[in-house]
Amino acid sequence: MGLYFYTEYSQQQTKMNPREGSKVYVEDKNLAWVAGEITGFVGKQVQVITTSGKKVLTASEKLCARDADEEELGGVDDMTKLTYLNEPGVLYNIEKRYVLNDIYTYTGSILIAVNPFTKLPHLYNAHMMEQYKGAPFGELSPHVFAVADVSYRAMMTEGRSQSILVSGESGAGKTETTKLIMQYLTYVGGRAAGDDRTVEQQVLESNPLLEAFGNARTARNDNSSRFGKFVEIQFDASGRISGAAIRTYLLERSRVVQITDPERNYHCFYQLCASGRDAEKYKLGHPSDFHYLNQSKVYELDGVSSAEEYSKTRRAMDIVGISHEDQEAIFRTLAAILHLGNIEFSPGKEHDSSVIKGQNSNFHMQTAADLFRCDVNLLLATLCTRTIQTREGSIIKALDCNAAIASRDALAKTVYSRLFDWLVEKINRSVGQDLNSQIQIGVLDIYGFECFKYNSFEQFCINFANEKLQQHFNEHVFKMEQEEYRKEKIDWSYIEFIDNQDVLDLIEKKPIGIIALLDEACMFPKSTHVTFSMKLFQHVRDHARLEKAKFSETDFTISHYAGKACSRSPIKLIAFWIKIVIMLWLNTAIFCLLPNAPLFLVFSLCHRRSFQDHHTNFLLWPLDLSTVYVSSIALFPCDSPIGFANDQYPVGVLEAVRISLAGYPTRRIYSEFVDRFGLLALEFMDGSYDEKALTEKILQKLKLENFQMGRTKVFLRAGQIGILDSRRAEVLDTAAKRIQRRLQTFIAHRNFVSIRSAAFSLQAYCRGCLARKIYAAKRETAAAVVIQKYVRSRLLRHAYIKLSSGAIVIQSNIRGFLTRQKFLHGKKHKAATLIQARWRMCMFRSALRQHQTSIIAIQCRWRQKLAKRELRRLKQEANEAGALRMAKNKLEKQLEDLTWRVQLEKRLRVSNDEAKLVEISKLQKLLESLNLELDAAKLATINECNKNAMLQNQLELSMKEKSALEREVVAMAEIRKENALLKNSLDTLEKKNSTLELDLSKTQNDSNDSIQKLQEVEQKCSKLQQNIQSLDEKLSQLEDENHVLRQKALIGSPKGNRPGFMKTFSEKFSGAMVLPSSDRKHIYDTPTPSKLIVPFSHGLSESRQSKLTAERHQENYAFLSRCIKENLGFNNGKPLAACIVYKCLIHWRAFESERTVIFDYIIAGINDVLKVEGELIFLQTYWLSNSSALLCLLQRNLRSNGFLSASTQRTPGSTGLPGRVAYGLKSPIKYIGFDSMPHAEARFPAILFKQQLTACVEKLFGVIRDNLKKELGPLLGSCIQVPKPSRVHAGKSSRSPGGVPQQSHSSQWDSIIKFLDSLMSRLRENHVPSFFIRKLFNQVFSFINISLFNSLLLRRECCTFSNGEYVKSGLAELEKWIVNATEEFSGTSWHELNCIRQAVGFLVIHQKRKKSLDEIRQDLCPALTVRQIYRISTMYWDDKYGTQSVSNEASFSISYGLQVVAQMREILSKDNQNITSNSFLLDDDLSIPFSAEDIDKAIPTIDPSDIELPTFVSEYPCALFLVQHQN
């Protein structure tokens, strides 16, 4: 399918009746079409004023009708929905959508893709692919993913291969569209097991290689694909991708030898010239040195390095699997082609002969032969001569210079074409094909119609292929029309089908088609291009599609579907023959000519193999399949999105329009038709007719014919919609004039009343002014008298106050002086008294010291005398030997005792030191963390300490001075004669004391401040110590649990302790030990080595013990099973099942057992109950309440070192971790409600049970949440859009425009409110803690927010004013429900709706165009991103008041709203450069929003002892202790 307009477009124009005020399109030389409005008539011509203000006179036949309503809505997503199907309507619809970044548009099942020349990553991420996966075609916005999904679903449903045709001119984005289609097919189809790379990756890895050898620079694109590509993606029976293959067609071989400025040759030649050493090896230089490259002056591309691209091409060859030898051969062949192009010829000695011209050509000839690895003489003979096979033998004929050059160029083109085909074959081997695949999806990427000044045989083949595609496209569109008519059950037999079969007959029909005549001409050796042209014009001269050039005998013009193409006779057949001979020469492996090759064989090999195989056969496969069309359009003359050019014509779109115009181009749903044209027949709008009957009545009243009434739509012929709009405009004009008349009367009456009231007011004002002046004069006189009175009073009062204050100051000074004198006298008297007291105390102290020294001296003398006596006695005893031995033995015993004590003390010291070191190391770690926090406080106190130190030094100096003065006072007491000096020194001392007191007071104040700061630091430290203590406790718990788990891992998990094994209870517990009941041991205890010493005199035999053990197990399990399966209910808000199970586990000492299956049995029982069919939400909430209560009991009371009570206190001496752990091990164990139980420790199964119970609570919460989301999904789907009101029994006023009464559509939201009420009642009925209810409703409302917001952004019909009001009213109902539910249960649910609340609020404001971007982002939508605001702004349309969004420009002029859109687009373009993927949709949060610690903190304390037991408890002996405890 081509993407160009007809040069002479012959579509059927929509008939219209021009009238003043009608909206139309008028032709323009520069812009093709411009929008305007009819302002009047000048003779037979119509005067139109365009949107730019220009007045135009034109004939009414050249005008096209325009619908202003569609422009306000920002265009339609399917152009078959246009009111007026004409050329300018299609162009402007594409333009309006492009301005809003909607680059995709449907035309029926055809997708139009406009190249934006910028990155839009949010349109192609995984989230967007998931949205389009499985969605019905047309439900979501147009997208290339929707086309790919339709093909994939049709392939899987019908079991038939599909094809997708992507076409467009150079730079239209065909290759990028093909990549996106492969990306989606890879996403939805997946990949077979064992494959590391996707097909998309494998095909993309080969792209650098294909682009290097198949892409070149053109006038419109720097990287234009100069070949057609057909990617065949193969699938297995399960729909997974199993292989792929790449087919290439129509390689532009003429570009190898001939290019025009500013185009370039293929990239690989320039890359090879920039390769450095490789270029030197192949004797290459700058591209300007070679004839095949210097025909254009463009050698480099902006921003592209040829050397780097050469390296990428090499890497791509390595990835594909091309060996280094083959790579060298490839580049050697490219170099040989460049050298071949520099060979020039000059006339030879003989007639019509040629020889090599000059040394330079000889050098290039020799180099080319070396690179081709062939004989240079044979190559020269091939280029300069040709061989003719006759009956007598072979005849060698020389070629002139022109023929030799043509032979050289033909050789270069053929070698390059064969090289390209060989590379494609290697790529297909690398990607891997599935030969057993039965279904495939083919993506055809081919350029469209080409028309140059003179078109070669290659352009002829390209245009022929596009003619075939266009014929299939016409048939496809006509079949869609037929299917639409058949679906609506209307008569369509008389519709004509217009196709291009005559052009195809002209080209391929036998025996007088162009191809057949060319084949016949090639069979004769003497045929030339002149004889071929003469024979062509002789046979098909009268054909309407063929024209003969005026000034040439051999040129002819073919009128294709997309325009006329002038072609020359096939390159002067002689050059064509030489090219074919060289192709056959390359087919031989020994580089020699094919002797005696007849001409008909030459042409048949070239034409039938190269053309029919590569064109006709490749067309047969995709055209036989179900085909989807994707048209790519490049709207700009260069690679930058700077504007929209209306002269870029998508022919495929207008082909669909033309076929639609041949039948019934205008289709309207009955409800829409009645809404728009019901005012033309108000007498039928009384509600007695249905919509179909009303439509028929309206059309019959207007006397319209040839319309068709379908099942759901009315089908109108071309021009009839214009008649209806004209009559509608007349009715509206009449109504508008009546409204204007009434309004002008109202305004005149209002003006008269206002003028009369103004006169009354003016008179009253004048009278009031005169009265106010008289009153003001009198008031000023009275005020002057009052002011004089108050001024005199104030002056007198001020003088009195001044005199009184002076007297008071004098009195206060005198009294203060007298008081200070009395105070100084009393202070001196007190100081003298203090000095005297200190002096007397000093005298008494000295006398006491002298008395003590004399007593001590006397005692020493007396003891000395006694010691001398004892010494003499000992000396006498020492003389005896026996006494010495006894003394020796005594001393030895004392020595042994001392050494033993020393060793004992050393051991004690070592053990104490080790304990202290351990405790000190741990305390140091704690102190290090505290020191880091205290450093800041210390730094703050250092300055204060420095100041205090200075003051203390001064104080010490003063104290020393004071002590010196005291000594002087003592001296003065001894020498009473110096009293006068003492008084003087006393005065000085008092002065110094006063100064010291002042300094001391300042120091005390500073010290008080520092003390306060230190107290604050100490408080912080105490808080930190408390936190550290709590962390230590948690750490000790975790360490003990880890210790138990490590021990259990070392010992090995016990086998057979799971209930899943098929064993009886007696087999499981046959080896268990049962002790007498007097020892208070339980069946779940694991015997330790110390327990094995207990005597067995009171025990039974081993078989008897195992039997009793199994019976007790069965009884316990039966009791627990009944507690779990039956709904025990709640007692005072406490779950009975959890409390009973908890008390039984305590009584049975299950937490102290190392081997037990009771915990697994409980978890399995809960899971079995939840699997029972019935009211599942009731069971889930019931067990959420019970399992969370049981988890809280374990969390608060279970410790790794024992099942301790939560109120256990530490001893004062147990500081640090070692002390706490030691105290925990030694402290007695107390159970809640069972204080008499002996000491026990929690083992590995208990810890594992707590973890399993935590996982069970989280699983229950997640299952409840997911089930609620599944139930809410369908309800939210009906709440996002306003339901259409029923028209049955509607009043007459309801049919008039703008008079539709507001109906209540709260039934959908009421269903959500009822759902939330029932959910709340179930949760409250099962006493689910408010903590879980808050978390659950927060996630439910978050899901509501995400679902509504994503639906709003994905569906354009939801972004309307009326829909915003509808959703806003529903959100108000939700707010009322949240307020009634209170914050205890709703939590922050209202804040979870921020995104949808702000988006809906933005939809319903009226002054959007007056809002700036900052006001929108900060005030209206602070929670939304710029991309989300941009999406809402571009999709918004007001269906109620007709207001405009910020992105809706008026009359194509730049407005304030458009500036806001430009700002948002600029921000998004910057974000696209920095962020690879940025979607405007919200993601759902599936995490669990709480932990076990959060549950422990949030749920209040549960006392399991104070409950009422069920009646069946007394039936089980193992549970009788519960009844006894309750009694």
Side-chain angles (χ1 to χ4, degrees), residues 212-213 253 256-257 265-294 306-307 310 313-314 317 322-346 348 354-387 399 401 404-423 426 578-579 581-594:
F213 286 84
R253 297 185 297 178
V256 178
V257 299
N265 210 319
Y266 291 105
H267 296 325
C268 57
F269 293 112
Y270 302 93
Q271 295 175 8
L272 183 59
C273 291
S275 60
R277 294 182 180 178
D278 291 345
E280 295 176 359
K281 180 171 62 175
Y282 300 132
K283 300 178 183 181
L284 299 177
H286 193 267
S288 60
D289 298 336
F290 298 95
H291 171 68
Y292 286 163
L293 304 181
N294 60 15
S306 297
Y310 177 76
T313 304
R314 282 279 196 175
M317 289 181 176
I322 300 176
S323 63
H324 290 283
E325 292 78 8
D326 291 342
Q327 293 181 24
E328 293 297 328
I330 291 170
F331 291 108
R332 189 174 66 248
T333 305
L334 292 179
I337 292 173
L338 293 179
H339 286 292
L340 193 65
N342 281 8
I343 299 174
E344 298 179 357
F345 300 93
S346 61
S354 59
V355 295
I356 300 299
K357 180 182 179 180
Q359 294 295 328
N360 188 28
S361 296
N362 283 323
F363 167 75
H364 289 292
M365 172 64 80
Q366 184 64 44
T367 306
D370 294 340
L371 294 174
F372 276 136
R373 295 185 180 179
C374 66
D375 186 9
V376 64
N377 296 323
L378 182 60
L379 179 61
L380 178 61
T382 303
L383 298 179
C384 297
T385 61
R386 67 184 178 120
T387 303
L399 301 177
C401 295
I405 291 173
S407 177
R408 176 200 66 187
D409 294 343
L411 175 61
K413 291 189 289 186
T414 307
V415 169
Y416 190 83
S417 176
R418 293 297 179 88
L419 176 62
F420 186 77
D421 293 339
W422 181 83
L423 286 175
K426 292 291 289 184
I578 295 173
K579 179 176 71 173
V581 171
I582 293 175
M583 289 176 61
L584 292 173
W585 170 68
L586 288 176
N587 280 330
T588 62
I590 58 175
F591 286 85
C592 63
L593 292 174
L594 276 177

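Atom NZ of Lys283 sits in a sparse spot, with 12 or fewer heavy atoms from other residues, nucleotides or ligands closer than 6.0 Å.
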Before giving the answer on side chain to side chain contact (heavy atoms under 4.5 Å, CB included), spell out for Phe345 and Leu383 the whole-Å C-alpha distance, their side-chain angles and the decisive distance to 0.1 Å. CA-CA 10 Å; Phe345 300 93; Leu383 298 179; 4.2 Å; yes
Determine, step by step, whether Asn342 and Tyr292 satisfy the side chain to side chain donor-acceptor pair (under 3.5 Å) criterion, reporting the C-alpha distance in whole Å, the side-chain angles of both residues, the deciding distance to 0.1 Å, and the verdict. CA-CA 8 Å; Asn342 281 8; Tyr292 286 163; over 6 Å; no
Show your reasoning for whether side chain to side chain contact (heavy atoms under 4.5 Å, CB included) applies to Arg373 and Arg332. CA-CA 10 Å; Arg373 295 185 180 179; Arg332 189 174 66 248; 3.3 Å; yes
Determine, step by step, whether Met317 and Phe331 satisfy the side chain to side chain contact (heavy atoms under 4.5 Å, CB included) criterion, reporting the C-alpha distance in whole Å, the side-chain angles of both residues, the deciding distance to 0.1 Å, and the verdict. CA-CA 12 Å; Met317 289 181 176; Phe331 291 108; 3.7 Å; yes
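For the residue pair Gln327 and Ile322, the shortest heavy atom distance occurs at NE2-O, 3.0 Å.
Tyr416 and Phe269 have their aromatic ring centers within a separation under 6.0 angstrom.
Ser354 places a side-chain N or O within 3.5 Å of a backbone atom of Leu399 that can act as its donor or acceptor partner.
Salt-bridge annotation for Asp278 and Arg314: present, with a side-chain N of the basic residue lying under 4.0 Å from a carboxylate O of the acidic one.
Here the options are Glu328, His339, Arg277, the test is side chain to side chain donor-acceptor pair (under 3.5 Å), and the partner is Tyr282; only Glu328 passes. Each of Ser361, Ser346, Cys384, Cys401 was scored for a side chain to side chain contact (heavy atoms under 4.5 Å, CB included) with Val355, with one residue passing: Ser346.
Residues Gln366 and Asp370 bring a donor and an acceptor atom of their side chains to less than 3.5 Å of each other.
Within the 4.5 Å cutoff, the side chain of His291 has heavy atoms near those of the Arg408 side chain.
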